[in-house]
2 protein chains.
Amino acid sequence: MEIKPNIPVVYVENLKDFSGKRVQIRGWVYNSRSSGSILFILVRDGTGIVQTVSTKNSLDPEKFELAKRLTQESSIVIWGLVRDDPRAPGGYEIELEDLELVHMAQDYPITPKEHGVAFLMEHRHLWLRSSRQNAILRIRATVIKACRDFLDEQGFLLVDAPILTPAAVEGTTTLFPVDYFGEQAYLSQSGQLYNEAACMAFGRVYCFGPAFRAEKSATRRHLAELWMLEPEAAFYTFEDNLKLQEELVSYVVQTVLEKRQRELQTLKRDIALLKRVTPPFPRITYDQALELLREKGIPLDWGEDFGAPHENAICTSFEKPVFVTHFPAKCKAFYMKPDPDRPEVTLSADLLAPEGYGEIIGGSERIDSLELLEQKLKENNLPKAPYRWYLDLRRYGSVPHSGFGMGIERTVSWICGLEHIRESIPFPRLLEKMYP
Amino acid sequence: MEIKPNIPVVYVENLKDFSGKRVQIRGWVYNSRSSGSILFILVRDGTGIVQTVSTKNSLDPEKFELAKRLTQESSIVIWGLVRDDPRAPGGYEIELEDLELVHMAQDYPITPKEHGVAFLMEHRHLWLRSSRQNAILRIRATVIKACRDFLDEQGFLLVDAPILTPAAVEGTTTLFPVDYFGEQAYLSQSGQLYNEAACMAFGRVYCFGPAFRAEKSATRRHLAELWMLEPEAAFYTFEDNLKLQEELVSYVVQTVLEKRQRELQTLKRDIALLKRVTPPFPRITYDQALELLREKGIPLDWGEDFGAPHENAICTSFEKPVFVTHFPAKCKAFYMKPDPDRPEVTLSADLLAPEGYGEIIGGSERIDSLELLEQKLKENNLPKAPYRWYLDLRRYGSVPHSGFGMGIERTVSWICGLEHIRESIPFPRLLEKMYP
């Protein structure tokens with residue numbers, strides 16, 4: 001790749017700083033068309049797409065012929081003058097002055113015509129290059145950074161939970177077993193139990209990493225491999241926990257609105273719906289939710305957990321994310337703290353995203369009494385041995401503490417307005433789907 | 001937990017903003033001693049440790065008796081006046097005015113006396129509360145944040161690589177197999193191949209996540225589960241790659257020096273050695289390294305990879321991290337680009353940390369020619385089918401590209417000056433060690 005003196009190598013996303021100047025850009029041919037003796041090549045470099053204009057006057061004749069022969073996704077280096085052009089995508093156009101071919105692509109499989117999902121998934125490594133996938137995954141990166149920045153700023157410490165674990169948090173039916181040097185291990189479904197140990201050591205912590213669910217069902221909302229943000233804080237009550245969640249989610253959405261305008265436009269996202277996402281969020285109890293479901297004609301017995309239709313009916317009744325609180329103990333995990341005023345329900349809450357997206361967060365205050373926790377293990381037929389260390393946390397300076405888990409892909413799907421969760425992660429792992 | 005009007009709930013790390021004021025702190029008893037009628041309780045809250053002073057005058061007699069009975073790691077809420085005290089750890093002391101017991105701990109297993117490593121590892125969930133472990137893991141969080149901030153700032157995009165993968169990057173002997181809905185899957189050892197797809201879509205990317213090595217040997221430098229930062233950039237040459245590495249590592253070290261002074265002090269780290277870590281880093285070729293090893297009396301045959309003694313001999317010869325470049329193709333991975341001037345060596349480099357810490361980064365320019373890559377797969381007896389998508393990257397707009405993998409735990413071990421890598425991660429996974 002040639003370097004020319006005094007011509008900076010720039011990225012498309014930074015073109016605004018180079019209006020009226022000569023630049024070098026390295027990228028790929030996204031699309032091209034000619035109009036008479038003018039050739040328009042759209043060049044993408046991963047940070048954006050810029051339109052280039054070539055004529056026989058601007059470009060050496062040999063290079064002009066080369067430019068005409070360029071195929072989709074061929075890699076090139078270009079030099080040219082940056083001009084403001086409100087009609088061009090991104091607002092700038094480059095008048096091509098020189099061109100270097102790096103690699104001529106042949107028969108790129110993803111053409112501007114329609115392709116089936118199976119085909120695109122099989123070509124995920126190339127599908128990522130399309131402007132829609134690019135927009136989604138740039139938003140994903142911003143969501144993740146916003147989560148971390150928010151918690152770091154608040155004083156939460158990143159304490160990574162292990163992935164290989166001997167015990168199961170949420171039952172063994174959806175666990176992936178791993179042979180760990182001859183011992184049975186599982187891939188973590190949640191870092192929560194470890195977070196509880198960490199918050200007793202560091203005050204307020206979070207872990208952020210992959211979690212695994214061997215779900216046997218294929219839905220629009222489930223991945224076998226997902227990423228979870230899990231904060232946990234010592235001395236945080238149920239109320240503190242909800243406050244943290246609504247502030248976090250609002251910060252994430254507002255940050256995406258601020259930093260990823262162009263990407264939201266590419267996705268044709270209705271941003272008016274996102275602008276509403278500010279604290280406080282509405283709250284209803286599980287009992288009130290049952291009432292609502294009855295009114296909507298999909299009644300549920302007390303003690304049953306919500307399915308997708310129930311979540312859908314609830315969350316579409318609100319314009320903002322809504323907390324459903326105080327779930328019955330029998331449909332939630334063993335470690336959730338019972339409401340002292342009504343022990344058959346827990347100090348738990350799910351946060352449901354609007355527009356039918358449903359649960360993006362589940363959380364609760366945790367049981368801090370050793371006796372009660374031991375009793376709950378027994379009631380849930382869970383063995384005590386793997387939880388020995390977890391019980392220790394209630395032996396040595398137990399404190400009230402709370403936390404939650406936020407699914408990154410569900411959050412991204414909602415913010416981007418996706419129909420299926422598979423587009424919210426670079427390389428989705430679904431039931432019977434592990435390639436590429 | 002009582003809340004008193006006009007008395008803010010604060011964290012120890014923020015005490016500097018409350019000198020001369022009344023505060024509430026929630027935490028645990030780290031240690032206590034009495035001197036005559038004065039009681040000193042060290043309170044830790046995860047963000048730091050503060051000394052409190054109680055007398056019968058300052059505290060209600062009943063509360064004073066309670067304070068005297070407090071055991072190690074009992075959880076408490078305290079109220080008192082913050083006073084500057086240069087002799088106190090952290091520079092502040094709190095005159096106790098009120099006290100609430102949350103939970104009285106009994107027989108906390110980790111006492112101020114010496115404990116064996118096996119015992120501490122078995123109690124890792126509690127060991128995290130000690131000031132040394134606290135300091136290490138706070139530095140770890142800063143290292144990770146500095147890595148991300150540096151790359152985000154440069155314009156690299158986080159694109160997560162999958163953990164469950166069908167193919168092996170670095171051979172199958174150290175892989176953990178997983179049953180993936182009846183198919184054979186492996187836990188990822190590196191996100192690199194996926195990064196290469198992502199950098200063709202996004203220009204410059206990184207992934208940051210856990211990686212797994214089923215190493216059958218127990219050493220001071222190996223974990224079965226580790227975290228890796230892996231940047232990959234399209235159009236980056238070997239030279240660009242080294243520059244990025246030395247800038248990243250220098251930024252990380254300088255950030256820790258700036259933000260984690262107290263923690264480095266707790267660890268008694270010689271910070272003069274860390275202050276030297278600024279670009280450029282010295283570079284020697286593999287051939288020059290062999291020369292050095294011969295002089296030091298541990299000769300190695302050309303083409304052999306370094307073992308721990310060789311790395312140690314090389315890295316202790318330099319005051320800064322040192323790049324060893326141009327490794328023989330036969331001791332490196334199949335995808336590394338041969339030096340055009342001398343094809344038996346690769347455009348690769350390992351970065352060795354000083355003071356005997358050895359390799360913290362491995363990286364290279366990657367092969368961009370389809371024909372050469374296919375030939376390398378054949379030479380390495382690797383099947384073509386699982387690499388079909390990876391080969392596609394050389395079919396459709398192949399470009400020069402480079403990247404590297406930085407081991408977070410090795411980097412933390414070096415910066416903290418640890419003797420064993422097990423302390424650099426909250427819940428280490430070692431050979432036959434998966435509890436807690």
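Lettering of chains follows the sequences in order, A, B, ..., and the numbering in each one begins at 1.
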Is a side-chain donor or acceptor of Arg429(B) paired with a backbone partner of Leu164(A) at a separation under 3.5 angstrom? yes

Examine whether an atom of Gln106(B) lies under 4.5 Å from a heavy atom of chain A, and if so say whether it belongs to the side chain, the backbone or both; otherwise answer neither. backbone

Can you confirm whether or not the ring centre of Tyr396(B) sits under 6.0 Å from the ring centre of Trp127(A)? no

With chain A as the partner, which of Glu196(B), Glu183(B), Lys145(B) has the greatest number of non-hydrogen pairs under 4.5 Å? Lys145(B)

What distance do Asp179(A) atom CG and Asp179(B) atom CG have between them, rounded to the nearest 0.5 Å? 12.0 Å

Using a 4.5 angstrom heavy-atom cutoff, name the option from Val77(A), Val178(A), Val9(A), Ile425(A) with the most pairs to chain B. Val178(A)

Side-chain heavy-atom pair Arg204(B), Asp45(A) within 4.5 angstrom cut-off: no

May I ask you to decide if Trp389(A)'s main-chain N or O and Tyr435(B)'s side chain share a donor-acceptor pair within less than 3.5 Å? yes

Verify side chain to side chain contact (heavy atoms under 4.5 Å, CB included) between Arg388(B) and Glu122(A), making sure each step is shown before the conclusion. CA-CA 11 Å; Arg388(B) 187 161 41 94; Glu122(A) 194 69 15; 3.7 Å; yes

Best-contacting candidate, Asp160(B), Leu393(B), Asp392(B), against chain A by heavy atom pairs under 4.5 angstrom: Asp160(B)

Tightest non-hydrogen contact, residues Met434(A) and Thr165(B), listed as SD-C, 4.2 Å

Hits for ring-ring contact (aromatic ring centres under 6.0 Å, His included) against Tyr30(A), two or more places apart or cross-chain, chain-then-number order -> none

Structural part of Ile144(B) lying under 4.5 Å from a heavy atom of chain A: side chain

Between Thr237(A) and chain B, which part of the residue has a heavy atom less than 4.5 Å away: side chain, backbone, both or neither? side chain

Less than 4.5 Å to any heavy atom of chain B: does that hold for the side chain of Arg395(A), its backbone, both, or neither? backbone

If I take atom CZ from residue Arg148(B) and atom CG from residue Asp149(A), how far apart are they, to the nearest 0.5 angstrom? 10.0 Å

Walk me through whether Phe235(B) and Val102(A) qualify under side chain to side chain contact (heavy atoms under 4.5 Å, CB included). CA-CA 10 Å; Phe235(B) 296 104; Val102(A) 179; 4.2 Å; yes

His125(A) vs Tyr390(B) side-chain heavy atoms within contact, under 4.5 Å: no

If you draw a 6.0 Å radius around NZ in Lys433(B), do more than 12 non-hydrogen atoms from other residues or ligands fall strictly inside? yes

Working to the nearest 0.5 Å, report the span between CZ of Phe202(A) and CG of Asn134(B). 5.0 Å

Do you know which of Ala197(B), Pro162(B), Ala185(B) has the most heavy-atom pairs under 4.5 Å to chain A? Pro162(B)

Where is the tightest heavy-atom contact between Trp227(A) and Phe208(B), given as atom of each residue plus distance? CH2-O, 3.5 Å

Could you measure the distance from the CD atom of Glu225(A) to the OG atom of Ser188(B)? Nearest 0.5 Å is fine. 9.0 Å

Between OG1 of Thr142(A) and CG of Leu158(B), what distance do you get to the nearest 0.5 Å? 10.0 Å

Please state whether the side chain, the backbone, both or neither of Cys199(B) comes within less than 4.5 Å of a heavy atom of chain A. backbone

Heavy-atom closest pair, residues Gly397(B) and Ala105(A): N-CB, 3.6 Å

Could you look at Leu431(B) and say if it's the side chain, the backbone, both or neither that has a heavy atom under 4.5 Å from chain A? both

dist His103(B):NE2 -> Asp368(A):CG (nearest 0.5 Å) comes out at 8.5 Å

Side chain, backbone, both or neither: which part of Leu187(B) has a non-hydrogen atom closer than 4.5 Å to chain A? side chain

For chain B, the option from Ile163(A), Asp107(A), Leu101(A), Leu128(A) that forms the most heavy-atom pairs under 4.5 Å: Ile163(A)

Would you mind telling me which of Val29(B), Ile76(B), Val205(B), Asp152(B) has the largest number of heavy-atom pairs within less than 4.5 Å of chain A? Asp152(B)

If you count heavy-atom pairs under 4.5 Å between each of Pro426(A), Ser130(A), Pro400(A), Gly48(A) and chain B, which one has the most? Pro426(A)

Residue list, ring-ring contact (aromatic ring centres under 6.0 Å, His included) with Phe212(B), at least two apart or on another chain: none

May I ask you to name which of Met200(B), Arg44(B), Glu73(B) has the most heavy-atom pairs under 4.5 Å with chain A? Met200(B)

Can you tell me which portion of Ser398(B) sits under 4.5 Å from chain A's heavy atoms? Options are side chain, backbone, both or neither. both

Using heavy-atom distances under 4.5 Å, tell me whether Pro210(B) contacts chain A through its side chain, its backbone, both, or neither. side chain

Measuring only between side-chain heavy atoms, which start at C-beta, is Trp28(A) closer than 4.5 Å to Val399(B)? yes

Which pair of heavy atoms, one from Tyr180(A) and one from Ala224(B), lies closest together, and at what distance? OH-CB, 3.6 Å

If you count the non-hydrogen atoms of other residues, nucleotides and ligands that lie under 6.0 Å from CD in Glu153(B), is the total more than 12? no

Which atoms of Asn14(A) approach chain B - backbone, side chain, both or neither, heavy atom under 4.5 Å: neither

